[in-house]
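Written out below as structure tokens is the structure these notes cover.
Quantities reported herein were computed from a predicted structural model and do not represent experimental measurements.
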Amino acid sequence: MKLEEAFGVVGDSVAAEEPVDNRAPDAAAAGVGARGACCPEGACQPRKRAMRKLLLRERAEQAPDERASIDTRIAHRVVAAPAFVQSETVLIYLSFASEVETRGIIRAAWELGKAVALPRVCAARSLRWYRVDSLDSLSVSSFGIKEPPPHENREVVPGSAPGHVAIVPGLAFDCQGFRLGYGGGFYDVFLAGFPGVSIGLCRERQLCASLDDLGVIDSHDRRVDFVVTEQRVVSSASPTSIVG
């Protein structure tokens, strides 16, 4: 199912739930920012919840061998991307369940002599990053995700040195670099203060022209610099310029 079709499936079911924006026109406009008619704060939540449920189910139902083939092609594009090639430190999530697989990217980074840091979930919707040299010493968090041990001498402060690139997960992305995440807000907080290059991983079927047009972008949502699928690399700075 194409992403736009998925939004059509849930559109009618959430219409009655969506809150009415009763703010003054000037206040509503203040939430729009520089990217167009995004939702007023919180107004997108019913639609987002419905879309997350549908996309998680659809992603899990895709055949494992098909996902693996797609993810291998995504990994090859990431490793060949100039931002990755030029990076010294790779901040990357460890894939979980049916997410785009990242272990191949991690191994490639190690083979190229790059530092690899994985995130730990902390309070206030924040992530802290710790350098890892293998995946053997990770522990399972309360979210069911493997995390690195919080050794002080292994912590990496994002953007504190040049050459940091961040690999970002998401349930869906668009050609402007916006993402539909899992609802925790951790990566939006991270991206808001990250000065390096960010790359979102996305299977082609979860990429659309504009999440804003589909009504699931809030004023706090942040974009990545590039989106990589198995077919292309899309720059959010120039969405019409697509590298095959």
Side-chain angles (χ1 to χ4, degrees), residues 34-35 70-96 99-120 126-133 135 148 154-182 186-204 206-211 217 221-244:
R35 64 175 174 271
I70 290 171
D71 294 354
T72 297
R73 284 180 279 164
I74 292 174
H76 288 164
R77 289 188 181 277
V78 171
V79 172
F84 185 91
V85 172
Q86 297 163 14
S87 67
E88 297 178 6
T89 300
V90 180
L91 310 175
I92 186 168
Y93 69 97
L94 184 64
S95 52
F96 173 77
E99 287 183 321
V100 174
E101 178 61 61
T102 59
R103 287 165 179 79
I105 299 171
I106 291 170
R107 288 193 294 269
W110 282 331
E111 290 170 3
L112 292 168
K114 301 180 187 296
V116 173
L118 298 179
R120 282 184 66 90
S126 65
L127 300 173
R128 296 180 72 172
W129 300 83
Y130 295 89
R131 179 172 174 172
V132 296
D133 299 316
L135 302 179
R154 307 288 289 178
E155 186 167 8
V156 174
V157 179
S160 60
H164 284 194
V165 63
I167 309 298
V168 179
L171 281 167
F173 285 84
D174 69 13
C175 291
Q176 286 71 47
F178 288 111
R179 57 186 284 277
L180 178 64
Y182 297 95
F186 296 98
Y187 275 93
D188 289 316
V189 172
F190 166 72
L191 289 170
F194 180 59
V197 177
S198 54
I199 300 174
L201 304 189
C202 179
R203 300 183 186 108
E204 186 71 23
Q206 276 86 47
L207 179 71
C208 74
S210 172
L211 289 171
I217 295 297
D221 290 322
R222 295 294 181 265
R223 70 176 81 197
V224 294
D225 297 304
F226 298 93
V227 179
V228 177
T229 78
E230 70 272 23
Q231 296 182 15
R232 49 184 165 163
V233 178
V234 182
S235 168
S236 63
S238 181
T240 57
S241 176
I242 298 175
V243 181

Salt bridge or not between [X] and [Y]? Use side-chain N to carboxylate O under 4.0 Å.
| X | Y | result |
| --- | --- | --- |
| Arg203 | Glu230 | no |
| Asp133 | Arg154 | yes |
| Glu155 | Arg131 | no |

Worked check of side chain to side chain contact (heavy atoms under 4.5 Å, CB included) between Arg128 and Tyr130: CA-CA 7 Å; Arg128 296 180 72 172; Tyr130 295 89; 3.7 Å; yes

Modelled atom types, side-chain donor and acceptor of Gln176 and Ser236, under 3.5 Å: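 No.
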
Going by heavy atoms in the side chains, are [X] and [Y] under 4.5 Å from each other?
| X | Y | result |
| --- | --- | --- |
| Tyr93 | Ile167 | yes |
| Arg222 | Phe194 | no |
| Leu207 | Val227 | yes |

Nearest 0.5 Å, what's the [atom1]-[atom2] distance between [X] and [Y]?
| X | Y | atom1 | atom2 | result |
| --- | --- | --- | --- | --- |
| Tyr187 | Asp221 | OH | CG | 15.5 Å |
| Ile105 | Ile92 | CD1 | CD1 | 4.5 Å |
| Leu171 | Leu180 | CG | CG | 5.5 Å |
| Leu118 | Leu135 | CG | CG | 6.5 Å |
| Arg107 | Leu112 | CZ | CG | 13.0 Å |
| Cys202 | Ile74 | SG | CD1 | 7.0 Å |

Do any N or O atoms from the side chain of [X] and from the backbone of [Y] form a donor-acceptor pair under 3.5 angstrom?
| X | Y | value |
| --- | --- | --- |
| Ser198 | Ala166 | no |
| Asp174 | Leu211 | yes |
| Arg120 | Leu127 | no |
| Lys114 | Phe84 | yes |
| Ser87 | His164 | no |

Val165/Leu91 under side chain to side chain contact (heavy atoms under 4.5 Å, CB included): CA gap, chis, key distance, verdict: CA-CA 6 Å; Val165 63; Leu91 310 175; over 6 Å; no

Non-hydrogen atoms of [X] and [Y] that approach each other most closely:
| X | Y | result |
| --- | --- | --- |
| Asp225 | Gly196 | OD2-O, 3.5 Å |
| Ala108 | Val79 | CB-CG2, 3.8 Å |
| Pro195 | Pro158 | CD-O, 4.3 Å |
| Glu88 | Pro162 | OE1-O, 3.9 Å |

Phe190 and Trp129 aromatic centres sub-6.0 Å: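 Yes, the ring centres sit under 6.0 Å apart.
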
Tyr182/Glu99 under side chain to side chain contact (heavy atoms under 4.5 Å, CB included): CA gap, chis, key distance, verdict: CA-CA 11 Å; Tyr182 297 95; Glu99 287 183 321; 2.9 Å; yes

Val228 vs Val100, side chain to side chain contact (heavy atoms under 4.5 Å, CB included): CA-CA, chis, key distance, verdict: CA-CA 11 Å; Val228 177; Val100 174; over 6 Å; no

Among Leu201, Val234, Val197, side-chain contact (heavy atoms from CB on, under 4.5 Å) partner for Phe226: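 Per the side-chain contact (heavy atoms from CB on, under 4.5 Å) rule, the option paired with Phe226 is Val197, out of Leu201, Val234, Val197.
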
Passing candidate, side-chain hydrogen bond (donor to acceptor under 3.5 Å, both in side chains) with Thr229, options Arg73, Gln206, Glu204: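 With Thr229 as partner, side-chain hydrogen bond (donor to acceptor under 3.5 Å, both in side chains) holds for just one option, Glu204.
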
